[in-house]
Amino acid sequence: MSSDVLPRRVHAGYALGSLATGAFGTVPGLLLLPYLTDTLGVAAGMAGLLVLLPKAWDVLINPLAGRISDRTVSRWGARRPYLLVAGLGVALLFASIFAAPFRQNSDLYTAAAFLATATAYAFFQVPYVAMPAELTTDHAERTRLMTWRIAVLALAILVSGAVAPLVVSATGGGLSGHRWMGVFVGALIAAGAVGAFLGTAGAPTGRVEESEPSLRAQLRVATANRPFRLLLVCFVIQAAGIATVLAGVNYFAEQVLERPDDGPTLLFACFVGPALLVMPVWRRVGARVGKPRAFVVASLLFAGGALALVAAPVLSPVAVYLLVAVIGVGYAGEQVFAMALLPDCIADDEARTGRRQAGVFTGLWTAGETFGLALGPGLFALVLQLFGYVSSDTGVAAAQTGGAKLGVLLGFTVLPAVIVAFPLLLMRGWSLSRPDSTRSVPVAPARP
């Protein structure tokens, strides 16, 4: 076996980290906004800011976390210590977000707890995303690694996104239900962090090569890399579009489908379930047309499905769920090819410059992704505010006007369609200095 080919234990172990990234990337975007508007009684516009600002902090902290992990020397390598220590910190702090120990100023407490969790998450996510560029130098092996990761990510989104609302309902709803949900998701994050730490034991850890002397110099080098810069901007904008869908699930299920109990779970099953099935298909598409072009195709599929969903009020439930499944298929492709192109950019830069700066590249990447995922709920909340959505502090959504329901519909369909499709203009003519690397996608499906 080639030294660049990783054992399946490492594929599976690394992928387990996506239990943590999937849960943290999904549940706040899904439940934090409705928790603030329909349980704590915060106005929609203010709730959007409380969701946005703590994650916007990651734009500053993530590159710093990347630089620190770049310079870490330990018997576990530069990245793995953070998987364990920061990952367990994220698990504990996540549960605190929904604890609401104080009835007064509970909105400010929630924002502060979210800020602390986002800080800990930066020191988990950045080293975690940097690892593929160091685990193997083979482009096809990196894509295989990403395929495992995205499959587990899809499963994590399905479990956390579909089960978390059920935990809230099954444990009494309101504050009590959200507290139990926080414990459940925290346990999921802890399992992913420990699994990734143990599963990557003995895997290549990368070498500490010469790097730029300051964080400012490293950021200047990363942002001067045109392929990385364009891919980053496209990915961040699309993350905001995806996040508007996540933020709108509960509102769409209740106000448009009029199925508040099982609607969110069914929507999530239709969104994420197909992603688990189409990974081998997307890998074949990437092998045939190249990763950049396949990324564009997946994005257009997402946008087209979301735009068609604007007809949901006159469609049958089956048609609605089928369109959500189409969106999910496009989402799976977006994630696979964006995540596969990132380590290609990192390796291409290191080959040209001879400097190891994976942490800074991934620090910028994860900062942008986190900001995009926070911006999505903020934009959705702004639409709710503009269309007159009424908040509630009872744990049950208030009755809404036709205008507010229209805002929910447009925020869940047209808004994400436009956001996801628009940045594809940046991918025109995109290439690396070694463009053949963008076709190195394994044809055979990954086996467990």
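Numbers for residues simply follow the sequence, beginning at 1. Worth knowing before you read on, the calculation uses all heavy atoms, side chains too, and leaves out hydrogens, waters and symmetry mates. Just so you know, these numbers come straight off a predicted model, no measurement behind them.
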I want to check a possible cation-pi pair here: Arg80 against Phe197, using under 6.0 Å from ring centre and within 45° of the ring axis as the test. yes
Check: Leu40 and Ser391 side chains under 4.5 Å, non-hydrogen atoms: no
Are Leu301 and Tyr331 packed together at the side-chain level, in the sense that at least one heavy-atom pair is separated by less than 4.5 angstrom? no
Suppose we call two aromatic rings close when their centres sit under 6.0 Å apart. Are Tyr82 and Phe124 close by that rule? no
A side-chain contact here means heavy atoms from C-beta on lying under 4.5 Å apart; do Thr110 and Leu50 qualify? no
Give a yes or no answer on whether the side chain of Thr265 reaches the backbone of Ala162 with a donor-acceptor pair at less than 3.5 Å. yes
With a cut-off of 6.0 Å (strictly less than), are more than 12 heavy atoms of other residues, nucleotides or ligands near OH of Tyr109? yes
Find the distance between OG (Ser96) and CG (Leu92) and round it off to the nearest 0.5 Å. 8.5 Å
Atom pair CZ/CG of Phe387 and Leu410 - distance to nearest 0.5 Å: 5.0 Å
Kindly say whether Gly241 contributes a backbone atom to a donor-acceptor pair with the side chain of Thr244 at under 3.5 angstrom? yes
Contact check, side chains of Val129 and Arg149, non-hydrogen atoms, under 4.5 Å: yes
Distance-only side-chain donor-acceptor flag, Tyr251 / Thr37, under 3.5 Å: yes
Could you check if a side-chain atom of Phe235 sits within less than 4.5 angstrom of a side-chain atom of Leu342, using non-hydrogen atoms only? no
Rounded to the nearest 0.5 Å, what's the gap from CG on Leu341 to CG on Leu230? Could you check? 12.0 Å
Looking just at side-chain N and O atoms, do Gln400 and Glu254 make a donor-acceptor pair shorter than 3.5 Å? no
Could you walk me through whether Lys291 and Asp344 pass the side-chain contact (heavy atoms from CB on, under 4.5 Å) test, one step at a time? CA-CA 11 Å; Lys291 299 178 196 177; Asp344 288 347; 2.7 Å; yes
Side-chain heavy-atom pair Arg293, Val285 within 4.5 angstrom cut-off: no
Do the side chains of Leu155 and Val159 get nearer than 4.5 Å, heavy atoms only? yes
Can you tell me how the ring of Phe302 sits relative to the ring of Phe271, calling it parallel under 30°, perpendicular over 60° and tilted otherwise? perpendicular
Side-chain (Trp282) to main-chain (Val329) donor-acceptor, under 3.5 angstrom: yes
Roughly how far apart are Leu309 CG and Thr413 OG1, rounded to 0.5 Å? 6.0 Å
Tell me if a side-chain donor or acceptor on Ser176 pairs with a main-chain N or O of Gly172 at a distance below 3.5 Å. no
Heavy atoms of Ala398 and Val390 approach each other most closely as CB-O, 3.9 Å
Can you name the nearest heavy-atom pair linking Pro416 to Gly411, along with the distance? CD-O, 3.2 Å
What's the shortest heavy-atom distance between Leu19 and Gly192, and which atoms? CB-CA, 3.7 Å
Within this structure, what is the CG-CG distance for the pair Asp38 and Leu33, rounded to the nearest 0.5 Å? 8.5 Å
Assess, by modelled atom type and distance only, whether the side chains of Asn250 and Tyr35 contain a donor and an acceptor separated by less than 3.5 Å. no
Would you please test Leu153 and Gln335 for side-chain contact (heavy atoms from CB on, under 4.5 Å) and show each step? CA-CA 10 Å; Leu153 178 64; Gln335 294 296 297; 4.1 Å; yes
If you look at every heavy atom in Leu267 and Ala253, which pair is closest and at what distance? CD1-CB, 4.0 Å
Ring centres under 6.0 Å, that's the criterion: do Phe295 and Phe337 meet it? no
Would one find more than 12 heavy atoms of other residues, nucleotides or ligands at under 6.0 Å from atom CE of Met427? yes
Kindly state whether the ring of Tyr128 and the ring of Tyr14 have centres lying under 6.0 angstrom apart. yes
Starting at CD1 of Ile237, measure out to CZ of Phe371 and round the result to the nearest 0.5 Å. 10.5 Å
Which atom of Ala421 lies closest to which atom of Ala303, heavy atoms considered: CB-CB, 4.0 Å
Pair Val236-Leu232, side-chain contact (heavy atoms from CB on, under 4.5 Å): steps then yes or no: CA-CA 6 Å; Val236 170; Leu232 173 65; 3.9 Å; yes
Do you know the tightest heavy-atom contact between Ala332 and Val278? CB-CG2, 4.0 Å
Minimum side-chain heavy-atom gap Leu426-Leu231 below 4.5 Å: no
With side-chain contact (heavy atoms from CB on, under 4.5 Å) as the criterion, how do Trp148 and Ser18 come out once you've worked through the C-alpha distance, each side chain's angles and the decisive distance to 0.1 Å? CA-CA 10 Å; Trp148 279 72; Ser18 287; over 6 Å; no
